[in-house]
Amino acid sequence: MIRVPLVVLTLLALTLVLLPFQLIGIMFDNRLQRIVPHLFHRAVCAIIGIRIHQVGQCGTDRPMLILSNHVSWLDIIVVTAVTPVVFVAKHEVASWPLFGWLAKLQRTIFIERERRQKTGAVAREMGDRLTGGDTVVLFAEGTSSDGNRILPFRSALIGSVHHALGSSTHHSSITVQPLSLAYVGFGGVPAGRALRNKLAWYGDVDLIPHMLDVLRAGAVDVTVSWGAAVAYDMSTDRKQIAREAERSVRRMNAAALRYPPGRQSAPAPETADPVPGVA
């Protein structure tokens, strides 16, 4: 009972300390707007008790689009703690109390999924962010899962890759890197199917009760697996990019759940396979 209010108060203090620096970064469009959220989420991981085990590493080539599976609100914290990124989120998030404000501070790109005619505009914004120096994370399943499976990747917003190339005079390719998030421990014990289901935030699960349950648990272990970063040019079909990324994430996710941190015979990081239409 004491842990939750202490965590909340610490997070509030951390937010108030870093808020002015983030506002300055956004106002003057400088590196602070990317660095501050990265530092903030690293601190959040330490406060909540999120332990991250990485397999492979984020690529260094830019522009970069990261295609990831989606399990929980924890994903935002975990990925940003690992590397500075911006996310694509459903439009409703922007109107959520507190969380919508935090999402805007992290410069989230919002999409109205129910209005297909808006997809092109969001893809163009993603493309502009990519060529402007941001690393963009797209939860390619389009929704969150139960943490035990990977849903099919959607390709519509991957068209942002083509837009980025078409509008850029400096880039002939865009790097796409698959990312797997696998929650392998909860409350200090290995997470089987049932515990992963409790960590997952999906369906009609209420956000606040779910967050309180996670905070009470005191420890979350997650394996972050990076797939091979591949540079795609304009000749590559967006559906092909989605298929390749989905296949990679499925492979990495299965390996992470089978070999949690500390186990022997853990899988090596992925290497790129030859893909037609790749620069």
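At a threshold of 4.5 Å between non-hydrogen side-chain atoms, the residues Cys45 and Ile77 count as touching. Side-chain contact between Phe21 and Leu39 is absent, with no heavy atoms from C-beta onward closer than 4.5 Å. With contacts defined as side-chain heavy-atom distances shorter than 4.5 Å, the pair Ser173/Met234 does not qualify. Taking the side chain as every heavy atom from C-beta outward, Leu179 and Val249 never approach each other to under 4.5 Å. Side chains of Ser144 and Val71 form no contact here, defined as non-hydrogen atoms less than 4.5 Å apart. Two residues are said to be in side-chain contact when any heavy atoms from C-beta on lie closer than 4.5 Å; Leu138 and Ile66 fail this criterion. Residues Thr135 and Arg62 form a side-chain contact, since some pair of their non-hydrogen atoms from C-beta on lies under 4.5 Å apart. Between Val220 and Arg51 the shortest side-chain heavy-atom distance does not fall below 4.5 Å.
When all heavy atoms of Ala191 and Phe186 are compared, the closest pair comes out as CB-N, 4.3 Å. Scanning all heavy atoms of the two residues, the minimum distance from Leu257 to Gly147 falls at CD1-O, 4.2 Å. In this structure, Gln106 and Val86 approach most closely via the heavy-atom pair O-CG1, 3.6 Å. Closest approach of Ser95 and Glu92 over heavy atoms only: OG-O, 2.8 Å. Pro152 and Glu246 make their closest contact through CA-OE1, 3.6 Å (heavy atoms, listed as atom of the first residue, atom of the second, distance). The two residues Ala256 and Thr223 have their closest heavy-atom pair at CB-CG2, 3.8 Å.
Although no hydrogens or angles enter the test, the distance criterion places no donor-acceptor pair under 3.5 Å between the side chain of Thr83 and the main chain of Val79. Remark: side-chain polar atoms of His53 are not paired, donor with acceptor, to backbone N or O of Ser225 under 3.5 angstrom. No donor-acceptor pair under 3.5 Å is formed between the side chain of Thr80 and the backbone N or O of Pro84. In this structure a side-chain-to-backbone donor-acceptor pair under 3.5 Å is missing from Glu141 to Phe153. Between the side chain of Asn253 and the backbone N or O of Leu181 there is at least one donor-acceptor pair closer than 3.5 Å. The backbone N or O of Ile208 sits nowhere less than 3.5 Å from a side-chain atom of Asp206 that would complete a donor-acceptor pair. Side chain of Thr108 to backbone of Lys104: no donor-acceptor contact under 3.5 angstrom is found. With hydrogens and angles disregarded, no donor-acceptor distance shorter than 3.5 Å links the side chain of Thr236 to the backbone of Tyr232. No donor-acceptor pair closer than 3.5 Å links the side chain of Trp101 to the backbone N or O of Leu105.
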Please lay out, stage by stage, how Ser72 and His210 fare under the test side chain to side chain contact (heavy atoms under 4.5 Å, CB included).
CA-CA 10 Å; Ser72 172; His210 188 271; 4.1 Å; yes

Val93 and Phe110: side chain to side chain contact (heavy atoms under 4.5 Å, CB included), yes or no, with the steps?
CA-CA 8 Å; Val93 173; Phe110 297 104; 4.1 Å; yes

Going through the checks in order, is the side chain to side chain contact (heavy atoms under 4.5 Å, CB included) test met by Met252 and Ser248?
CA-CA 6 Å; Met252 293 187 295; Ser248 175; 3.6 Å; yes

Could you walk me through whether Trp73 and Val214 satisfy the side chain to side chain contact (heavy atoms under 4.5 Å, CB included) test, starting with their C-alpha distance in whole Å, then the side-chain angles of each, then the deciding distance to 0.1 Å, before giving a yes or no?
CA-CA 11 Å; Trp73 53 271; Val214 172; 3.9 Å; yes

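To the nearest 0.5 angstrom, Met126 atom CE is 12.0 Å from Thr131 atom OG1. Here the CZ-CD1 distance, from Phe87 to Ile76, works out to 4.0 Å after rounding to the nearest 0.5 Å. The structure places CG of Leu65 at 13.0 Å from CZ of Arg129, a figure rounded to the nearest 0.5 Å. Here the CG atom belonging to Leu19 is positioned 4.5 Å from the CG atom belonging to Leu23, to the nearest 0.5 angstrom. Atom CZ in Arg193 sits 9.0 Å away from atom CZ in Arg149 (nearest 0.5 Å). The distance from atom CD1 of Ile150 to atom CZ of Arg251, rounded to the nearest 0.5 Å, is 12.5 Å.
At a threshold of 4.0 Å, the pair Arg247-Glu244 counts as salt-bridged, since one of the basic side-chain nitrogens sits closer than that to a carboxylate oxygen.
Residue Arg42 places its CZ atom among 12 or fewer non-hydrogen atoms of other residues, nucleotides or ligands, all under 6.0 Å distant. By the 6.0 Å contact criterion, CD on Gln57 is open, its count of non-hydrogen atoms from other residues, nucleotides or ligands being 12 or less.
Val184 and Ile48 are members of different hydrophobic clusters when ILVMFWY side chains are connected at heavy-atom separations under 4.5 Å. Under the 4.5 Å side-chain heavy-atom criterion for grouping Ile, Leu, Val, Met, Phe, Trp and Tyr, Trp201 is connected to Val8 within one hydrophobic cluster. Neither Leu102 nor Val88 shares a network with the other; the hydrophobic side chains, linked directly or stepwise wherever heavy atoms of I, L, V, M, F, W or Y lie under 4.5 Å apart, form separate groups for each. Under the 4.5 Å side-chain heavy-atom criterion for Ile, Leu, Val, Met, Phe, Trp and Tyr, Phe99 and Leu74 are members of the same hydrophobic cluster. No chain of hydrophobic side-chain contacts below 4.5 Å, direct or via other Ile, Leu, Val, Met, Phe, Trp or Tyr residues, connects Leu199 to Leu151.
Classified by interplanar angle (parallel below 30°, tilted 30° to 60°, perpendicular above 60°), the ring pair His70/Phe139 is parallel.
Inspection of the Tyr183 and Asn197 side chains reveals no N or O donor paired with an N or O acceptor under 3.5 Å. For the 3.5 Å distance criterion, the side chains of Gln177 and Trp226 fail to qualify, holding no donor opposite an acceptor. Side-chain contact annotation: Arg124 with Ser160, donor-acceptor N/O pair under 3.5 Å absent.
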Under 3.5 Å, which donor-acceptor pairs do the side chains of residues 25-35 form with other protein atoms, sequence neighbours left out?
| unit_1 | atom_1 | unit_2 | atom_2 | d |
| --- | --- | --- | --- | --- |
| Asp29 | OD1 | Gln33 | NE2 | 2.7 |
| Asn30 | OD1 | Leu32 | N | 3.0 |
| Gln33 | OE1 | Arg107 | NE | 3.0 |
| Gln33 | NE2 | Asn30 | O | 3.4 |
| Arg34 | NE | Asp134 | OD1 | 2.7 |
| Arg34 | NH2 | Gly132 | O | 3.4 |
| Arg34 | NH2 | Asp134 | OD1 | 3.4 |

